[in-house]
Structure formats: structure tokens, C-alpha cells
Amino acid sequence: MLDKLYHAIVEMREPEALQIAGEALKSGFPPLLLMDCCRRAVAEVGQRYQSGRYFLAELMLAGQMLTQISAAFSDSSWARAGLMLTEQLLQEISGPKEELAAGTKAGTEKGQKLGRVLIGTVKGDIHDIGKNIVTFMLDINGFEVRDLGVDVAPELFVEEAISYKPQVVGMSGLLTLAFESMEGTIKALETAGLRENLKIMIGGAPINEQVREYTGADAWGKDAVAAVALAKRWIGGA
Amino acid sequence: MLTENWSELTSREKFQERFKRWMDPPGIEFVSSEVREAYAERTRIIKDAIELKKPLRVPISPIMGTFPAAYGGISVQEAMYDYQKMSYAWYKFHRDFQVDTLSSTFMVGPGKVLEILDYRLYKWAGHGTPPTSSYQCQEGEYMLEDEYDLLINDPSNFWIRFYLPRVFGAFESWKALSPFTDLVELPFVGAFMIPMGIPAMRESLKKLLEAGEAAMEWIEAVNAADVKITAETGVPALFGGFCKAPFDTLGDTLRGTQNIMLDLYRRPGKLVEAMEKLVPVNIEMAVRSSAANNNPMIFIPLHKGDDSFMSPRDFARYYWPTLKKVLLGLIEEGIVPCVFVEGAYNQRLDFLADPELPTRSIIWIFDKTDMKAAKEKLDGKACIAGNIPASMFLAGTPLQMEQYVRDLIETAGKDGGFILTSGAVLDDVRPENLQAMIAAGLKYGRYS
């Protein structure tokens with residue numbers, strides 16, 4: 001059964017995956033084993049994305065399947081739709097067994113994560129798709145990610161960097177105004193005395209080496225795959 | 001119909017007819033013979049580039065966003081609300097930079113109109129984005145997953161009664177209307193008019209009147225500004241209208257990125273049907289604005305077909321077929337699609353080189369696609385343009401810019417069929433870098 005579910009997810013057969021999972025849950029199959037299988041399947045989808053076999057469409061559908069299956073086994077509110085929530089979702093899936101089995105909201109325990117990444121779309125820019133994909137990919141590669149959303153002011157990056165203590169900060173932007181915002185945010189992190197303990201990566205359609213230099217980031221990535229590679233290089237897990 | 005015998009003309013004759021109007025624009029009185037000659041030269045080199053002849057020189061056409069506002073010392077918000085300030089800023093930009101194509105003030109957007117209508121698809125300067133920033137799309141699910149058939153059965157009805165009420169506060173009450181196609185016989189007229197009498201509808205109609213007045217004020221200013229810029233600096237507009245790839249109409253406007261990607265798997269049949277329905281809608285929009293603006297070129301920005309968005313198989317199956325139909329439909333009408341290939345299309349160049357697309361009929365403007373590969377693939381087929389990265393304009397130096405332009409013209413501009421553009425819409429620019437782009441374009445772009 002788990003094997004079938006795994007392949008249904010990996011091969012993008014959504015109705016089949018949902019049906020298998022639904023029936024398994026009804027018949028009293030241990031939810032944790034089921035969710036672990038889903039997690040492995042989604043990780044494989046991530047692998048295929050990384051190797052260029054899968055694309056945005058497949059990543060999004062995998063995220064949706066995971067969300068729906070999670071919703072089916074727990075009617076708690078954490079089964080909201082969309083990639084943005086998979087961070088929380090995955091955190092909870094990898095959280096303590098008792099809590100999951102009881103169907104309650106986990107969230108304090110972080111499980112076995114490689115390290116912490118703080119991420120957001122910089123001030124003035126409201127584009128979120130690229131950032132969400134990076135968040136998702138970091139998640140399924142074992143990082144804990146705090147996503148600050150879009151139009152994130154430098155002050156908020158600083159505040160969160162202090163409280164969350166990430167090893168890596170990721171900044172996203174689709175517009176050229178993001179160059180200035182990224183530069184300003186990095187300066188603010190410097191001023192707050194946080195810069196030397198942080199690795200900073202930037203990404204988004206117009207981002208390249210020239211922008212990295214301009215903003216003072218440590219590295220830039222052309223896509224989510226590059227972001228994962230950078231995080232692994234800096235934090236470990238490569 | 002631009003001529004009486006329009007329906008008898010071949011697509012190439014229509015093409016020539018449309019270019020004739022663009023190259024000798026009615027209603028423009030150039031301030032001097034030099035400016036008239038500058039306009040003539042610019043239209044000639046662009047037409048030559050499209051027809052893959054070797055022009056006098058490479059046309060220089062950075063794709064401008066909001067930079068003219070900053071350059072003119074005003075915020076984007078001011079540009080969107082104070083048309084006089086906007087007009088002067090855009091005029092100053094053209095006067096000082098002498099690029100080869102017009103950055104139409106039409107694209108700046110009428111702040112007051114948007115505000116009266118309570119437009120929700122976009123955030124704009126001072127209205128959700130900073131006063132100095134360009135407008136940004138607020139994606140959402142404006143067509144629900146079970147509404148494909150509504151769209152397929154009657155796109156206009158869907159727009160009027162479902163889409164508009166969701167994206168414009170002022171249209172919210174329109175969901176109470178019946179389809180306009182109900183108006184077939186006398187007994188139905190009364191019934192149809194009932195919703196018009198409800199208070200919310202009256203409010204809506206008042207808003208529309210107000211928006212209409214504001215739009216008149218805006219278009220007068222915009223027209224006057226564009227005419228002045230053209231008459232005094234001799235720049236032709238590169239585009240006379242706009243349409244989209246049907247996949248993007250659905251993905252950007254109606255379903256949102258995530259939903260359209262899921263639809264590829266969940267309801268591919270409906271997706272294809274809806275895209276087919278949107279082919280003539282897009283063609284008609286383009287043909288109409290091309291004629292109204294006496295401009296044979298239509299801008300088509302591509303958003304969701306990039307190398308990373310979907311597999312080559314899905315691109316071939318979903319994105320490309322209806323885009324190709326739109327392109328063929330426009331070319332048939334003598335229109336030149338200016339396709340802005342946003343993102344990277346390195347895996348898609350064979351599609352663009354499709355032998356069924358007539359040669360010398362399209363401009364492909366590239367962003368991050370490898371220009372050398374693009375030139376090789378499209379050589380002898382279509383004009384290519386691109387692709388100075390936005391970063392070069394802000395984070396680069398004039399020297400770096402010069403080198404980039406020189407290399408670009410060497411690879412992509414060899415033997416003509418090339419227009420020098422930016423790879424992105426430009427908001428934040430260092431003036432000296434833009435000057436360096438233009439100077440380098442003139443220096444290295446001369447064909448002898």
C-alpha cells in the first residue's frame with residue numbers, strides 16, 4: 001500500500017494518491033507511517049525537480065497532494081492550501097509522534113532539521129512565487145525555514161534574525177527596486193551587528209552576480225535548486 | 001479594414017499597408033525636417049530589422065518602465081495622478097536620451113481611474129506599493145476551478161458577471177445582471193433592466209461615469225504627451241497594442257500561477273478548451289488596437305512558459321499550440337508580434353523556429369535566453385532583440401555596459417535582424433549607464 005501511495009505521488013497521479021491515503025486512514029492505518037511515506041515521495045519529487053526532470057507544475061501538485069492528505073488525517077486548521085504552508089506542514093509532520101497521532105497541532109518541536117533559514121521578499125516587492133518555491137525546496141531538503149512573506153522591511157529582517165537566529169538569510173525580489181532593498185537590508189543587518197554570523201543569499205528573476213556584488217550578499221542563486229545547494233554548503237548536509 | 005480592398009490583400013500586402021501608416025503617421029506635425037528625417041530613419045531601421053535586411057544601424061530600444069519619472073524628478077505616484085508632471089518627465093527623458101522608440105505615456109497608468117473603480121488586480125504607487133515603485137500584479141483565483149465552462153461558453157459573459165465583480169469594487173454589483181444575450185425579444189427587456197435599478201447598481205453606474213470622465217482627462221493628456229514627444233524628438237512607438245498567450249491570459253489574469261499549474265494535471269481538457277476560446281479573443285484585441293494606433297506591432301509578454309515552469313512536453317502540449325495560433329492569426333493580418341520572451345527559453349528555441357511561422361514576421365525579444373543560440377536558431381527566420389540585464393543599468397558601470405553591448409551586437413546583431421533592447425522593463429537606472437548603452441549601440445551597431 002505504501003509503495004503504491006509513494007508511486008502515485010511521485011508519478012503525479014493525484015486522484016489515486018488521495019484515494020489510497022483516504023482508504024488507508026479509514027481502515028485505521030497508522031497516520032504517521034502514511035505521512036512519512038508522503039514526505040519521502042515529496043522529497044523524491046524535489047529530487048526530480050533538482051535534476052531537471054520535474055518542473056514548477058509537478059512541485060506545486062506534489063505540495064497540494066501532501067496538503068490534502070494531511071488535511072484528510074487531521075481536520076485541524078493546518079491543512080490550508082498552498083505551497084506557502086508546506087513549511088509548517090512539514091515541520092509538523094516531522095514533529096513528535098504523540099502529538100501527530102493525537103491529531104493536535106505540533107509546532108514547538110522542530111524535529112531533526114539541518115539548520116535555520118530566514119526568508120522573505122524584500123521591501124517594496126510583493127512577488128511571492130519564487131520565494132515560496134525556495135521555501136518548499138529548503139523544507140523538503142531538511143531545513144527549517146521561517147518565511148516572512150512579501151514586502152518585508154529591513155527592520156523586520158533584523159528583528160527576526162535576532163529572535164529566530166538563522167544561519168542563512170534568503171532574500172527574494174522580482175523588480176529592480178529589490179536591488180536597493182536588498183542592499184538596505186544587508187546594511188541594516190550589519191548595523192545590528194548580525195552580519196558576520198549570517199550567510200546571505202539572494203534570488204529572483206533579475207538577480208545575477210552583478211546584483212550580488214551591488215548588494216553585498218554572500219551568494220546568489222538562479223533558482224530554488226541553487227538555494228538548496230547554497231544552504232547545504234553553508235550549513236551542512238551536502 | 002484599413003483599405004477598401006482589405007479582404008483581398010495578402011498578409012504581406014497588409015503588412016506593407018500597416019507599415020505605410022506607421023512610417024507616415026497621420027496627425028503628427030514634426031517640428032522640423034530633421035526630426036521628420038529622424039523619425040523616418042528610425043522606422044526604416046526597425047522595419048529593415050524585422051525584414052532581416054541589413055539596416056543602416058541597430059535600432060536602440062530599451063524597454064522603459066518607470067525610470068522617466070525618477071529621471072524627471074517626480075515619483076511614480078505623481079506620474080500616475082498628475083498628468084502634466086508625467087508628460088513633462090517623459091518628454092524630458094526622450095529629449096535627453098534620444099532612444100529610437102517611444103516609451104508611451106499610456107503605459108504609466110491612470111491612477112485616478114483605477115482608484116475610482118477600486119481595481120484589485122494590481123497594487124500601484126501609493127496604493128499598496130511605495131510611491132516610487134511600478135505597479136505590481138496581485139495574483140489570485142479570479143476564476144474558480146469549476147468555472148471553466150462559464151468561460152468557454154461565453155467569455156464576455158464570464159468577464160462581465162464573474163470576473164469584473166471580483167477585480168473591481170465598482171463592478172461588484174454586476175454579478176446581479178443577467179447575460180446580455182438575454183436581450184432577444186421585447187418581453188425580456190424589462191426583466192433585464194431590473195438589476196439596473198437596485199441601489200448598488202446605481203452606485204456602480206455613478207462610479208463608471210466618474211471613471212469615464214477621469215479616463216477622458218487621462219487619454220487627452222496621454223495623447224498630447226505622446227504626440228509632442230514624437231513631433232519634437234522623432235521617435236516612433238515600437239508597439240501599437242498588446243495581447244497575450246492564451247495560457248497566460250488564464251494563468252496571470254484568471255487562475256493564478258499555482259492554480260494554472262495544478263490545472264495542467266487536474267483538468268487539462270478544460271484548460272485546452274478555454275485556451276482555444278481565448279485565441280480569437282486575443283487576436284481581435286490586437287488587430288483592433290493595431291489599426292487604432294496605426295502601428296503594425298503588437299507586444300506579447302510571455303510569462304508562464306519559461307524553461308523552469310513546465311516540462312518541454314507540457315510546453316508543447318499546452319503553452320505553445322494556442323500561442324502559435326495567436327501568432328499566425330496576427331501575421332495573417334499583417335501584424336508583427338513583438339514577443340517578449342521573459343525568463344529563459346533555452347529549451348524552447350526549436351519551437352520559436354517553427355517552420356510554419358512565416359519568416360520576417362516576428363520580433364523575439366529575449367530576457368535570459370542565450371543570445372548566441374537564439375541567433376543561430378532564428379537566423380534567416382525572425383528578428384531577435386535583447387537582452388541587456390536590468391542589473392547592468394543600475395549596478396553596472398558605463399564601461400561594463402559598453403562591453404556588454406559590443407559583445408551582444410557582435411553575436412546577436414551580425415548581419416542585421418537585431419534590435420538592441422534591455423532584457424527587462426527598466427525602473428531603476430543610472431542615467432550614465434543608459435547613455436553608455438545608447439552610445440555603444442551607435443558606436444558598434446553601424447552596418448557598413
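What you are looking at is a predicted structure, and each value in this text was computed from that prediction instead of being measured. Only heavy atoms go into these numbers, but all of them, side chains included; no hydrogens, no water, no symmetry mates. Chain naming here is simple, since letters A, B, ... match the order of the sequence lines and numbering starts at 1 in each.
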How close do Pro312(B) and Phe55(A) get, heavy atom to heavy atom, and via which atoms?
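That would be CD-CZ, 3.7 Å.
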Validation row: [X], [Y] side chains within 4.5 angstrom (heavy atoms):
| X | Y | answer |
| --- | --- | --- |
| Ser134(B) | Leu175(A) | yes |
| Asp223(A) | Ser308(B) | no |
| Arg266(B) | Leu61(A) | yes |

Which one, [options], leads in non-hydrogen pairs under 4.5 Å with chain B?
| options | result |
| --- | --- |
| Glu180(A), Lys123(A), Met12(A) | Met12(A) |
| Gly124(A), Pro15(A), Gly52(A) | Gly124(A) |
| Thr215(A), Asp151(A), Ile207(A), Asp125(A) | Asp125(A) |
| Gln210(A), Glu213(A), Glu183(A) | Gln210(A) |

Would you mind checking which part of [X] comes under 4.5 Å of any heavy atom in chain A, side chain (CB onward), backbone (N, CA, C, O), both or neither?
| X | value |
| --- | --- |
| Gln400(B) | side chain |
| Lys304(B) | neither |
| Ser311(B) | both |
| Asn259(B) | neither |
| Ala424(B) | neither |
| Leu394(B) | both |

Examine distances only and state if a side-chain atom of [X] and a backbone atom of [Y] form a donor-acceptor pair shorter than 3.5 Å.
| X | Y | answer |
| --- | --- | --- |
| Asp427(B) | Thr176(A) | no |
| Lys123(B) | Ile126(A) | no |
| Glu139(B) | His127(A) | no |

From [X] [atom1] over to [Y] [atom2], what is the distance, rounded to the nearest 0.5 angstrom?
| X | Y | atom1 | atom2 | result |
| --- | --- | --- | --- | --- |
| Ser391(B) | Arg212(A) | OG | CZ | 12.5 Å |
| Ile129(A) | Met261(B) | CD1 | CE | 8.5 Å |
| Thr257(B) | Leu56(A) | OG1 | CG | 7.5 Å |
| Asn208(A) | Met392(B) | CG | CE | 8.0 Å |

Have a look at Tyr265(B) and tell me which of Glu14(A), Arg13(A), Gln64(A), Glu58(A) forms a side-chain hydrogen bond (donor to acceptor under 3.5 Å, both in side chains) with it.
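Between Tyr265(B) and the candidates, side-chain hydrogen bond (donor to acceptor under 3.5 Å, both in side chains) is satisfied uniquely by Glu58(A).
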